[in-house]
Every structure is written in structure tokens, then in C-alpha cells.
S.K.: 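The structure follows.
The chains referred to below are lettered A, B, ... by the order of the sequence lines, with proteins before strands, and numbering in each begins at 1. Treat the numbers as computed from the prediction; the structure is a model and nothing was measured.
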Amino acid sequence: MDMSKMDKLVSLCKRRGFIFQSSEIYGGLNGFWDYGPLGVELKRNIKEAWWQDMVRNPPPGPDGQEISMVGVDCSIIMNPKVWVASGHVGGFADPMIDDKETKQRFRADQLHVLVAMPLSDYQALPEGARHGSPPQSYGSLLDHCKFLASSLESSQYCEWTPGAKLADGFRVVKNSHGTGMRNDPESFGSYKFVVELEHRPSKAVWRGAVATAHEDIYARLAELPSPFSGKRGVLTEPRAFNLMFQTYVGAVQSEENVAYLRPETAQGIFVNFQNVVDSSRMKLPFGIAQVGKAFRNEINPRNYTFRSREFEQMEIEFFCNPAESMKWYQYWRDLRKAWYTQLGIKSDNLRPREQGKEELAHYSIGTTDIEYLFPFSEEPQELEGVAHRGAYDLTQHATHSGKDMRYFDEEAWERDKAARGTNSFKEWLKTNPAKEEIEKYSFVPHVIEPSAGADRFTLAVLCEAYAEEEVKGDVRTVMRFHPRLAPIKAAILPLVNKEGMPDIAQKIYRDLKKSFNVFYDDKGAVGRRYRRMDEAGTPYCLTVDGQTLQDQTVTIRDRDTLQQDRVAIKELESVLRTRLQ
RNA sequence: GCGGGCGUAAUUCAGUGGUAGAAUGCUAGCUUCCCAAGCUGGACGUCGCCGGUUCGAAUCCGGUCGCCCGCUCCA
């Protein structure tokens, strides 16, 4: 037998009831998984450890101060405008085009087809529609695309290679790997037309732009040269890859009541920002946390539960004064890494990785991925992203909802108002103070977002825990969970099924299960029962033996060292409590 | 979505056209005072699903679903 560690782990998870394939008896469903009796305990323990350590009892802040944290639990389906504001409606629905020959795939909106047009027409384009800067609004974007499409009739497509020979008056200004689009109309002066074909593999500023006009432009895809080979006739029709799960609210399925299952829990926090401030007397800095399901229609779920279409997030949005935001960013980045280490993830396998500038989302000032080296990959994979999101989200929601998302710093105003010569902030505003001065008191908070994957961490814990070792010529498979996370905390075992041992063991079991998830087992030889508990990752086994009958003590076996100590029955609860911390 | 591989018991696998197997696990009883021991029994598979070829299909063919690997994707 030569199975990889990952194969053996997957097998154990199925066999012992950690993880099952969703709806397995019907052939499963790609990208969906169920947690079995042991898995659900493990995942609950993980979520509860997170809530306890981040929300109820977070460690002190960078200056030793108490951290203020509260939770919310938001609906999965929200007003669809939320997802317009967050950018998911525009950014998450990506039609893709394949190059049939080279098997390359790219987002349709990364195929830029700029068509010939007279210079005067170019100059007549709205400012935002000219190359180089993103259109200011969705509307102008649409207009721009339509305009391009309507001029297709008079267009001529360039060949792939820059400098390729074209008809008089045409030239190629860029190739696929060019950077920055030519935005200087003067340079077009000596040419009647400018023709350009571009494929931009990097994150495009014009996301969705051309996609919105695909009926017009994509009708001519067959004539377009492939950005990879320059060959015509190898591009497929764009196919929609809608990464948001869509549904309908109400019984009538019409365009007006389309809604989405949330692709992240974060937006529920942002839209409730003012509610929490108003209802809970929260003062900056403070955080709002949420644990919950999120849904993404991944193109290709892979690697066991790692990339699932339904998954659970543990997210914090930490709101702070912009002036202090970098301090808090560093605080959360370090704290989140330390948390994983604390729960038994070896630092060798844990890689914090600062994202490069070119990787960052356009709104992010900095992002650190906390990555884990899973056995299924040679590259570390993301467990959590700690992102400095600036004021982006609250500003977006302020713009789209028309609601004020600013925070008023009463303490700062109380401190300074005498110097400002008035008690009323509103009165002071009438004196037309400088913007920077106003923003000392009233501003949109910056946000630090530690966003962790509950299922990903559960998988990391499983991978990290799996171990095989040789004991007296036999292979022992043991899940070395941190005791806080272990699904079963202790097993209670009568050494043999006679002399009243089962009765004593049952009584111990009934007492302990009020406080811990414990397991009673009297089936088979005790060695076999120990091994069964090793596979379940149970840190302690309590065994009732002959001596128990004499002195009311039992043995307590340590999963990792196999050492046994004697403990009085009446002290079991406190001993366990200590050892399980 | 593409290419390749695979799908038989709870698990890991054997079985290439003729009555579905092994090991482990599970289970009942005996034994057993400490690490998958032993003995004697037992249960468990419409061979992923649908269709076709054939007298006859786990086996051949087509489709489909799922899993794995590589691309691709992962605001």
C-alpha cells in the first residue's frame, strides 16, 4: 500500500465520520461537503475557540489596552444593492473565453478590442471612456462599449505582432504584454485611424467593460486573432461564469426579485456598522465579528474541502481611526498568526505572506495572507487574509445607500471644542474649517479585515494532526489534535467487562458528560479501544481497573505519550479541566 | 471549462465476457488486569448512475455524475 498522506487522511475522515461527500448516495455534488459526528465537533470547537479568543476575550491591543469586540449574525441573502456597492455584481460575474488551440482561458473582459475611429470621434469620447483611466460610472462605460461596437463596421483588426504590416493609416500600438494604454490623443495625429488589440492578463481596470457589450463585439470573435497565437477562428464564445449564487426572493421568478447568496460575510458587518455604533455605544477603535456560511460558484472546486462552493467564514472588521490603521493592521496580522500557532499548527507549515503591490485589490493598502502548507500542494495555500481595506467599503455603502457612514469622535471634540470657540460641531462647521481639520472629528473609519476560513482551518487542523508511528512493530494512527479542538475529550473504559467495572465506568461517564464531550466504550480488548480513540484524536482515556475497586482511582492515559497516571475519581473533572486547556 | 487517470463492501484493493473476492474494519459470544492479542460465529456490495452491444456485462461501447493530477480559475 502506497498512499499519500492526503489519501490516508481523506480515507480516515470518511471511515471515522469527520467528513463525508455531500449527498453521496446520489453521486455527490462537486464542491460540497458534510461534516460527520466527529467533524462537526471539531469544527464547532474551532469556531468556538475563535469566538472566545477574538470576540469575548481578545488579547490586549498594541498599547496594552482592552480590545472592544462585538458580534453579529446577518442574513445570508441581502438586498442585492449590497453586492452592487461591494463590487461583487460587476466583478464576480465573469464571462470567459477559451482559445481552443492553446487551451488558454481568460476573462472576456480582458480581451480588449479597440476599434478604428476618426481622431475627432476619439476626442469626442467622454473623458472617462478614453484609454488609460477607468470610466467613472457604469453608465458611461456602457455608452463607451456601445460606441465601440457600433464602429465595428468600419474597423480593421490588427495582427498580433506589434509592427505588423497593416493597410495604410493603420498601426499596432501595443501587444498583449504592453503596459499602460496610450492615452495621448496627439500621438494619433498623423494617422487616420488607430487600431489596437490587447489582452491584459493582469487585473484589469476595465473589469466588465467589454463584457457588457458582448452581443455586439463578441459576435465577431471568430474574426479576432487569438491573443496567444494570433490565429483567427480559435476563440470560443464567451461563457458566463457567474461566481455568485443567484436566487429569487418570493415565489415569482423574475428579473426584479433576483437576489444572491452572500459570497462573503463581511458586507453584513459593513451595512450594520451604524446600527452597532448606535445600539451598543461602541467607540473607535472596535471590531465586529461574524461567523457564517458564504457561497461562491467556484469554477473548479479542488483539493478536498479546501475550495468548496459552500463554506464558512470567521470574519472580523476592525474599525479604527485612519491615523492608527497601520498599527492595527500589524496587530491583527501578528495576532492571527499567533492564534494558529497556539492551536497546534507548527510554524514551519504556517507562512504569512505579504501580498505584492500588483496582487492587491485596488482598494487595499496592504494584505497579508496567512498560508498553510497542505500536503496536497507544494505551494502554501491561504488560510486567512488580513487586509487593510482603508475606508473603501464604508465609502461604497455611503455612496450607494445615501446613508452617512462617518463616525463622530465625541471625545476628540469634547477635548478640542473650547479651543474651537463653540460647543456645537455644526456651528463650527459654518466657519468653513479645512477638510483635514473636520476629519479630526468626523471621518469614515478605516477597516482591518482578518478573514479566516473555518473549513480551511479545520482541514489544516486535520492535516496537521494526522500522524503514524510505530508501536511494538505495529503502526499506530493518531490524530494529535490540540485538546481544545479534539472532538472527544476523554473516553471512559472498563478494563474488562466484569467485577462491576462497567457500572463504575458508566457512572463516571454520566458525571463527566455534563461538562465534557466524553465517550463510553466497553467493546473489545482495551488496546483496540485505545487505538480507536487515537484515530478519533481523543486526548485522554480513563480506564477502570482492579485497583479502582480498592481505592476509587482510575488510570488516565495520555494520547501522545501513552503514559498512564492514577487519578481519584472525584478529582477527574478538575484534572481534565486543567489538562484540556 | 480542457487534457489525462480512476470509480467493486465502511476502508484499501484484487477480479478483462460465464454463480462477486481478500485484508482491515464492524458485530455476537468466549477469553482477556492495559495498547489494533487469541478462539468460534455473523452481517455488509443491483461492481457510481443511465443506456447500448451480447444468450450472458463489474468486465466491451456511449452518455452522465463524482474523485485525483495537470492546465485554467481563485474580485
Side-chain angles (χ1 to χ4, degrees), chain A residues 1-4 6-8 10-17 20-33 36 83 86-107 109 201 203-205 207-208 236-241 243-244 263-264 296-304 306-309 359-364 369 376-377 381-382 385 387 471-478 493-499 501 523-535 541 543-549 554-555 557 559 562-564:
Chain A
M1 190 172 359
D2 185 29
M3 289 168 71
S4 74
M6 201 60 207
D7 287 341
K8 286 194 271 196
V10 169
S11 167
L12 182 143
C13 284
K14 169 79 194 292
R15 194 160 43 80
R16 292 307 308 259
F20 306 125
Q21 199 183 0
S22 163
S23 33
E24 189 190 357
I25 62 169
Y26 290 102
L29 188 60
N30 194 351
F32 296 90
W33 300 90
W83 307 112
S86 69
H88 287 85
V89 166
F92 241 49
D94 295 336
M96 309 289 289
I97 294 173
D98 287 333
D99 177 331
K100 285 180 281 194
E101 202 174 61
T102 64
K103 304 299 179 198
Q104 301 263 21
R105 164 176 301 162
F106 52 94
R107 285 204 306 262
D109 61 349
K203 282 171 183 152
V205 179
R207 292 186 58 79
T236 63
E237 290 290 299
R239 282 166 291 199
F241 288 76
L243 297 192
M244 276 209 289
E264 62 175 29
R296 292 184 193 178
N297 223 339
E298 297 289 353
I299 293 171
N300 194 355
R302 273 290 164 86
N303 291 327
Y304 203 29
F306 182 80
R307 178 164 295 132
S308 299
R309 289 181 164 137
E359 273 182 281
L360 291 176
H362 59 280
Y363 49 76
S364 184
D369 286 340
F376 55 72
S377 167
Q381 305 283 330
E382 182 181 348
V471 178
K472 294 181 183 165
D474 234 342
V475 174
R476 181 173 83 117
T477 302
V478 53
L493 318 168
L495 186 59
V496 291
N497 279 314
K498 56 184 187 186
E499 292 170 35
M501 291 180 197
K523 295 286 187 284
V526 74
R528 181 182 304 262
R529 285 177 272 161
Y530 286 146
R531 296 298 176 84
R532 277 198 286 250
M533 284 297 110
D534 290 340
E535 272 192 349
C541 289
T543 306
V544 173
D545 60 8
Q547 194 178 328
T548 308
L549 309 174
V554 297
T555 61
R557 167 195 185 261
R559 175 195 66 200
L562 302 184
Q563 276 222 302
Q564 289 182 297

S.K.: What's the spacing between A:L495 CG and A:R529 CZ if we round to 0.5 Å?
M.R.: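 Answer for the CG-CZ pair, A:L495 versus A:R529, is 7.0 Å.
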
S.K.: Is the gap between the ring centers of A:F306 and A:F376 under 6.0 Å?
M.R.: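 For A:F306 and A:F376, the ring centres are under 6.0 Å apart.
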
S.K.: Which part of the nucleic acid, if any, lies within reach of A:F306 when heavy atoms closer than 4.0 Å are counted: base, sugar-phosphate only, or nothing?
M.R.: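 It contacts nothing in the nucleic acid.
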
S.K.: Compare side-chain N and O positions of A:N303 against OP1 and OP2 of B:rC69 and report whether any pair is under 4.0 Å apart.
M.R.: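 So the side chain of A:N303 is within the cut-off, an N or O lying under 4.0 Å from OP1 or OP2 of B:rC69.
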
S.K.: Measure CZ/A:R309 against C1'/B:rC73 and give the value in whole Å, please.
M.R.: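 It is 11 Å, rounded to the nearest whole Å.
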
S.K.: Using purine N1 to pyrimidine N3 plus N6-O4 or O6-N4 for Watson-Crick, or N1-O2 and O6-N3 for G-U wobble, each under 3.5 Å, what pairs with B:rA43?
M.R.: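 The answer is none; no pair meets the criterion.
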
S.K.: Using a heavy-atom cut-off of under 4.0 Å over every strand shown, decide if A:Q563 touches base, sugar-phosphate, or nothing.
M.R.: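 The residue A:Q563 makes no contact with any strand.
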
S.K.: Round to a whole Å and report the spacing from CD of A:Q381 to C1' of B:rC73.
M.R.: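 Atom-to-atom, A:Q381 to B:rC73, this comes out as 13 Å.
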
S.K.: Write down the distance separating the P atoms in B:rU59 and B:rG17, rounded off to the nearest Å.
M.R.: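 Those two atoms are separated by 11 Å.
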
S.K.: Rounding to a whole Å, what distance do you find between A:F20:CZ and B:rG66:C1'?
M.R.: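 From A:F20 CZ to B:rG66 C1': 17 Å.
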
S.K.: If I take atom CZ in residue A:R296 and atom C1' in nucleotide B:rC74, what distance separates them, rounded to the nearest angstrom?
M.R.: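 Result: 9 Å.
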
S.K.: Between B:rC74 and A:E382, counting only base atoms on the nucleotide and side-chain atoms on the residue, is there a donor-acceptor pair under 3.5 Å?
M.R.: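 It does not, because no donor-acceptor pair links the side chain of A:E382 to the base of B:rC74 below 3.5 Å.
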
S.K.: Base, backbone or nothing for each nucleotide of nucleotides 21-27 of chain B, written B, S, -, heavy atoms under 4.0 angstrom, 5' to 3'?
M.R.: ----SS-

S.K.: Counting only Watson-Crick or G-U wobble pairs whose two distances fall under 3.5 Å, which nucleotide matches B:rC30?
M.R.: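 Paired with B:rC30, as far as the under-3.5 Å criterion goes, is B:rG38.
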
S.K.: Can you check whether A:R307's main-chain N or O pairs, donor with acceptor, with A:R302's side chain at less than 3.5 Å?
M.R.: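 Not a single qualifying donor-acceptor pair exists.
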
S.K.: Please say which of A:R557, A:R559, A:R528 ends up in a salt bridge (charged side-chain N to carboxylate O under 4.0 Å, His left out) with A:D534.
M.R.: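 Only one of A:R557, A:R559, A:R528 forms a salt bridge (charged side-chain N to carboxylate O under 4.0 Å, His left out) with A:D534, namely A:R557.
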
S.K.: Base, sugar-phosphate, or nothing: which does A:R476 touch, judged by heavy atoms less than 4.0 Å apart?
M.R.: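 Nothing, no nucleic acid heavy atom in range.
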
S.K.: Suppose we define a pair by two distances each less than 3.5 Å, Watson-Crick or G-U wobble; what does B:rG62 pair with here?
M.R.: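 Result: B:rC50.
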
S.K.: Write down the distance separating the P atoms in B:rC13 and B:rG29, rounded off to the nearest Å.
M.R.: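 Straight-line distance between the two P atoms is 33 Å.
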
S.K.: Classify the side chain of A:E499 versus the base of B:rC33 as yes if they form a donor-acceptor pair under 3.5 Å and no if they do not.
M.R.: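 Donor-acceptor pair under 3.5 Å: yes.
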
S.K.: Would you mind telling me which of B:rC73, B:rA37, B:rA75 lies closest to the side-chain atoms of A:A525?
M.R.: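 Of B:rC73, B:rA37, B:rA75, B:rA37 is nearest to the side chain of A:A525.
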
S.K.: Heavy atoms under 4.0 Å, any strand shown: does A:D534 hit a base, just sugar-phosphate, or nothing?
M.R.: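 The answer is nothing, as A:D534 stays clear of every strand by at least 4.0 Å.
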
S.K.: So A:L493 and A:V544, do their side chains get closer than 4.5 Å, heavy atoms only?
M.R.: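 A side-chain contact is absent here, since even the closest heavy-atom pair is not under 4.5 Å.
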
S.K.: Under 4.0 Å between any heavy atoms, over every strand shown, what does A:E535 touch: base, sugar-phosphate, or nothing? Just pick one.
M.R.: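 Since a base atom lies under 4.0 Å of A:E535, the category is base.
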
S.K.: B:rC49 C1' sits how many Å from A:N30 CG, rounded?
M.R.: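 The answer, rounded to whole Å, is 16 Å.
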
S.K.: Which atom pair, heavy atoms only, marks the closest approach of A:F32 to A:R309?
M.R.: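 Heavy atoms of A:F32 and A:R309 come nearest at CZ-CB, 3.6 Å.
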
S.K.: Using the C1' atoms only, state how far B:rA36 lies from B:rU24, rounded to an integer number of Å.
M.R.: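 Result for the C1' pair: 10 Å, nearest Å.
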
S.K.: Under 4.0 Å, heavy atoms only, any strand: does A:E24 hit a base, just the sugar-phosphate, or nothing?
M.R.: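 Answer is nothing: A:E24 stays at 4.0 Å or more from every strand.
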
S.K.: Can you tell me how far C1' in B:rA22 sits from the matching atom in B:rC47, rounded to whole Å?
M.R.: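 Roughly 15 Å separates the two C1' atoms.
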
S.K.: Carefully, step by step, assess A:E264 and A:R296 under the rule side-chain contact (heavy atoms from CB on, under 4.5 Å).
M.R.: CA-CA 8 Å; A:E264 62 175 29; A:R296 292 184 193 178; 4.1 Å; yes

S.K.: Could you check whether A:S86 gets within reach of a base, just the sugar-phosphate, or nothing at all, counting any heavy atom under 4.0 Å?
M.R.: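 The residue A:S86 makes no contact with any strand.
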
S.K.: Closer to the 5' end of RNA chain B via nearest nucleotide, is it A:S11 or A:Y530?
M.R.: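 On the 5' side of the pair lies A:S11.
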
S.K.: Measure from CD1 on A:I25 to P on B:rA10 and round the result to the nearest Å.
M.R.: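 One finds 13 Å between P of B:rA10 and CD1 of A:I25, rounded.
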
S.K.: If the P atom of B:rG3 is compared with that of B:rU19, how far apart are they to the nearest Å?
M.R.: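 These two P atoms come out 37 Å apart once rounded.
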
S.K.: May I ask you to say what A:V475 touches in the nucleic acid, namely base, sugar-phosphate or nothing, with a heavy-atom cut-off under 4.0 Å?
M.R.: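 Counting heavy atoms under 4.0 Å across all strands, the contact made by A:V475 includes a base.
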
S.K.: Touch check for A:L562, heavy atoms < 4.0 angstrom, all strands: base, sugar-phosphate only, or nothing?
M.R.: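 It contacts base atoms.
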
S.K.: Using modelled atom types only, decide if a donor and an acceptor are shared between the side chain of A:D7 and the backbone of A:V10 within a distance under 3.5 Å.
M.R.: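 It does not hold such a pair.
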
S.K.: Quick one: does A:Y26 reach the base of B:rC65 with a side-chain donor-acceptor pair under 3.5 Å?
M.R.: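 No.
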
S.K.: Can you name the salt bridge (Lys or Arg N to Asp or Glu O under 4.0 Å) partners of A:R16, sequence neighbours left out?
M.R.: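 In terms of salt bridge (Lys or Arg N to Asp or Glu O under 4.0 Å), with neighbours along the sequence ignored, A:R16 is linked to A:E535.
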
S.K.: Sticking with atom P, work out how far B:rA14 lies from B:rC6, rounded to a whole angstrom.
M.R.: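 Here B:rA14 and B:rC6 have their P atoms 11 Å from each other.
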
S.K.: Indicate, with a heavy-atom threshold strictly under 4.0 Å, whether A:M501 touches base, sugar-phosphate, or nothing.
M.R.: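 It contacts base atoms.
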
S.K.: Measure from CZ on A:F32 to P on B:rC65 and round the result to the nearest Å.
M.R.: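 These atoms are roughly 15 Å apart.
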
S.K.: Taking all non-hydrogen atoms of both residues, which atom of A:C13 and which atom of A:Y304 are closest, and how far apart?
M.R.: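 Answer, listing the atom of A:C13 first, then A:Y304: CB-OH, 3.2 Å.
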
S.K.: Please determine if a side-chain N or O atom of A:K498 lies less than 4.0 Å away from the OP1 or OP2 oxygen of B:rU32.
M.R.: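 True: A:K498 side-chain N/O within range (under 4.0 Å) of B:rU32 OP1/OP2.
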
S.K.: Without decimals, in angstroms, what is the distance between A:K14 NZ and B:rG48 P?
M.R.: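 Value for this atom pair: 14 Å.
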
S.K.: Considering only the P atoms, how many Å lie between B:rG18 and B:rC74, rounded to the nearest integer?
M.R.: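 Taking atom P in both B:rG18 and B:rC74, they lie 50 Å apart.
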
S.K.: Of A:N497 and A:F376, whose closest RNA chain B nucleotide lies nearer the 5' terminus?
M.R.: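 Final value for this comparison: A:N497.
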
S.K.: Searching all strands shown, indicate the nucleotide that pairs with B:rA22 (Watson-Crick or G-U wobble; both distances under 3.5 Å).
M.R.: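 WC or wobble partner is B:rU12.
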
S.K.: How far, in whole Å, is B:rG45 from B:rC49 if one measures between their C1' atoms?
M.R.: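 15 Å, rounded to whole Å.
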
S.K.: Heavy atoms only, 4.0 Å cut-off, all strands: where does A:Q547 land among base, sugar-phosphate and nothing?
M.R.: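 Here A:Q547 touches no strand at all.
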
S.K.: When you get a sec, tell me which of B:rG66, B:rA36, B:rC33 is the closest nucleotide to the side chain of A:D545?
M.R.: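 Nearest to the side chain of A:D545 among the choices is B:rC33.
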
S.K.: Which of the following nucleotides, B:rG66, B:rC35, B:rC33, is nearest to the side chain of A:L29?
M.R.: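 Minimum distance to the A:L29 side chain belongs to B:rG66.
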
S.K.: Please assess A:Y530 against A:T543 for the test side-chain contact (heavy atoms from CB on, under 4.5 Å), listing each intermediate value before the final yes or no.
M.R.: CA-CA 10 Å; A:Y530 286 146; A:T543 306; 2.7 Å; yes

S.K.: Paired with B:rG3 by Watson-Crick or G-U wobble geometry, both distances under 3.5 Å: which nucleotide is it?
M.R.: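 Here B:rG3 is engaged in a pair, and the nucleotide opposite it is B:rC69.
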
S.K.: Taking N and O atoms by type only, does the side chain of A:R302 place a donor or acceptor under 3.5 Å from a partner on the base of B:rC74?
M.R.: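 Counting by modelled atom types and ignoring angles, no donor-acceptor contact under 3.5 Å is found here.
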
